[in-house]
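Everything on this sheet refers to the single structure shown next.
As a basis for the values below, the full set of heavy atoms in this structure was taken, side chains included, without hydrogen atoms, waters or symmetry mates.
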Amino acid sequence: MNTILKKLLWTIYFQYNIIIWLIATMIGKNVSYNPKEESPVNKPYKKLKVNEKQPIIERFETLNYKLLLKEAESAGKPIKPIKRRKNKPSVKDSVYCPKCNAPHIYLYNNNGSRGQYKCKVCSTSFSEKNRFSKDTRLRCPYCNRVLEKKKTRKIFEIYKCTNSKCKHYLDSFDQLTEKQKKEYKSHPERFTLHYIYRKFTINFKPLSDKSPVRPKVDLSRIYSSSHTLGLILTYHVNYGISARKTASLLKDVHGVSISHQTVINYANAVGQLVKPFVDNYNYDLSNQFCGDETYIKVNGKWNYIYYFFDARKKIILSYNVSKFRDTLGAILALDSTISKIKNIPKNLEFIVDGNPIYLLAQHFFASHGIKFTIKSVIGLT
């Protein structure tokens, strides 16, 4: 009897695999035997070494070549465009002096055709990758060496101090063990000993007044009564009932015929109208705030929600949702929190976990004149 039962079970299992293979062949997709896991994938964040010190920013003087030409003409020494010889290479029309903005007709080929130029108006020597190509220059805060641009990422550029005699580099090297020093000689890319600064390139102004977003549905012109709207918000928002079940409840219990899409539209409209009141509420806050990220499912996909709240008053101040666990999400979450503080205190402090994205966000706000301290607590709960 047991032998017959085993043969039947094996036959059923074999037929099941044939059916799955046929379905996959007909549809053209791989059919998974096991259902998808509902739990989010707990990916560890990328550990970055973020230096607390900001670089020394050196700003350059900019001139106007038109004013310089007028001054030279009034002094009796007019500056005329360059007359080039036939055997001399010409300067491209797109090249101009980065200091006084003089066009190519006033620029010399200072070293033949190897890319170095000299301006006849302001006597500035430069190349396309010259230090005058930008209005600022970054220097190492430890040795005053000019930082070199190494890499470009999604929202920032990476600058590095390459001075082998830099105090920061020497101190970092001395902290290594003998085993690590031997490994550093053969694999220096595994260590971060030099000073590194990340310059943000995102077009985002912190603490800016955002224009209010008007909802698509004008609640003053809806056909439903205010009582019906209150029932929709009570069921759908307060009790977390789905839009379809809310519409069914209104039909079965209250006799109100309404679609599930209308329930969603009403809830979204009320949410957009209420949010400015929540953001501009007169909060009585302390100077210490705590934040972390956690998972949230949006349209069937896992996202991250950034929570920040007053560590003493227990008031939730930020609840931003992002697809990624990155620096931009941390910047938006901190911006939403700081914007609710009337007068930013000097001893403003944020308590977060060991994720370095908050240290990078601190550098971003510091570059805009907004300073605060970050206290990292490993295993923050």
Side-chain angles (χ1 to χ4, degrees), residues 12 16 19-20 22-43 210-281 283 291-310 314-325 328-329 332-333 336-337 339-340 381:
I12 292 171
Y16 171 76
I19 293 171
I20 292 295
L22 290 173
I23 293 174
T25 305
M26 293 173 65
I27 299 177
K29 296 180 180 179
N30 293 326
V31 181
S32 178
Y33 297 163
N34 301 321
K36 292 183 179 180
E37 295 183 0
E38 286 295 317
S39 59
V41 180
N42 188 14
K43 295 182 179 180
K210 303 177 182 64
S211 59
V213 180
R214 299 186 64 84
K216 297 180 180 179
V217 178
D218 188 355
L219 295 177
S220 64
R221 297 183 179 182
I222 60 176
Y223 293 105
S224 302
S225 63
S226 57
H227 177 68
T228 303
L229 178 61
L231 290 174
I232 292 172
L233 297 176
T234 301
Y235 290 140
H236 186 55
V237 179
N238 292 16
Y239 290 99
I241 300 175
S242 67
R244 293 183 183 275
K245 289 183 178 180
T246 300
S248 180
L249 272 171
L250 291 172
K251 177 66 175 178
D252 298 340
V253 178
H254 303 280
V256 178
S257 296
I258 196 169
S259 67
H260 73 280
Q261 186 60 48
T262 303
V263 173
I264 297 173
N265 293 340
Y266 286 179
N268 290 338
V270 173
Q272 290 177 352
L273 291 175
V274 170
K275 189 178 185 302
F277 292 97
V278 177
D279 293 340
N280 300 321
Y281 183 76
Y283 293 100
D292 200 2
E293 328 89 52
T294 187
Y295 293 99
I296 186 173
K297 214 166 192 180
V298 181
N299 295 330
K301 295 183 179 180
W302 288 107
N303 289 254
Y304 294 96
I305 181 169
Y306 294 77
Y307 269 117
F308 271 91
F309 61 92
D310 193 313
K314 309 302 180 186
I315 302 172
I316 296 176
L317 300 171
S318 178
Y319 38 87
N320 293 54
V321 179
S322 174
K323 293 182 180 180
F324 307 102
R325 196 181 187 184
L328 182 58
L332 296 176
S336 178
T337 305
S339 61
K340 295 181 177 64
T381 58

### Task
Can you label the angle between the Y283 ring and the Y281 ring as parallel, tilted or perpendicular, going by 30° and 60°?
perpendicular
### Query
In Å, rounded to the nearest 0.5 Å, how long is the span from CD1 of I296 to OH of Y304?
13.0 Å
### Query
How about Q272 and N268: does a side-chain donor come under 3.5 Å of a side-chain acceptor?
no
## Note on the structure
CG (L233) and CG (L229) are apart, to the nearest 0.5 Å, by 4.5 Å
### Query
Measuring from L317:CG to D310:CG, what's the distance to the nearest 0.5 Å?
6.5 Å
### Message
Does the plane of the ring in W302 sit parallel, tilted or perpendicular to the ring in Y295? Use 30° and 60° as the thresholds.
### Response
perpendicular
### Task
Write down the atom of H236, the atom of I241, and the distance for their closest heavy-atom approach.
ND1-O, 2.8 Å
### Task
Could you please spell out the steps behind the side chain to side chain contact (heavy atoms under 4.5 Å, CB included) verdict for Y266 and V217?
CA-CA 7 Å; Y266 286 179; V217 178; 4.2 Å; yes
### Query
For the residue pair R325 and Y306, what are the closest heavy atoms and their distance?
CA-OH, 3.2 Å
### Task
Inspect the surroundings of OH in Y319 and state if more than 12 heavy atoms from other residues, nucleotides or ligands are less than 6.0 Å away.
yes
### Query
How many angstroms lie between CG in L332 and OG in S322, if you round to the nearest 0.5 Å?
7.5 Å
### Summary
Between the CG atom in L231 and the OG atom in S224, the distance rounded to the nearest 0.5 Å is 10.0 Å
#### Entry: Side chains of S248 and D252, donor plus acceptor under 3.5 Å
yes
### Query
Okay, side chain of K340, backbone of S336: is any donor-acceptor separation there less than 3.5 Å?
yes
### Message
Within this structure, what is the CD1-CG distance for the pair I258 and L249, rounded to the nearest 0.5 Å?
### Response
12.5 Å
### Query
Got more than 12 heavy atoms from elsewhere within 6.0 Å of CD1, I316?
no
### Query
After noting the C-alpha distance and the side-chain angles of D292 and Y307, does the key distance pass the side chain to side chain contact (heavy atoms under 4.5 Å, CB included) rule?
CA-CA 6 Å; D292 200 2; Y307 269 117; 5.9 Å; no
#### Entry: Smallest separation among heavy atoms of A243 and I264, with atom names
CB-CG1, 3.6 Å
### Message
Given 3.5 Å as the limit, does a donor-acceptor pair link the side chain of S318 with the main chain of A333, or not?
### Response
yes
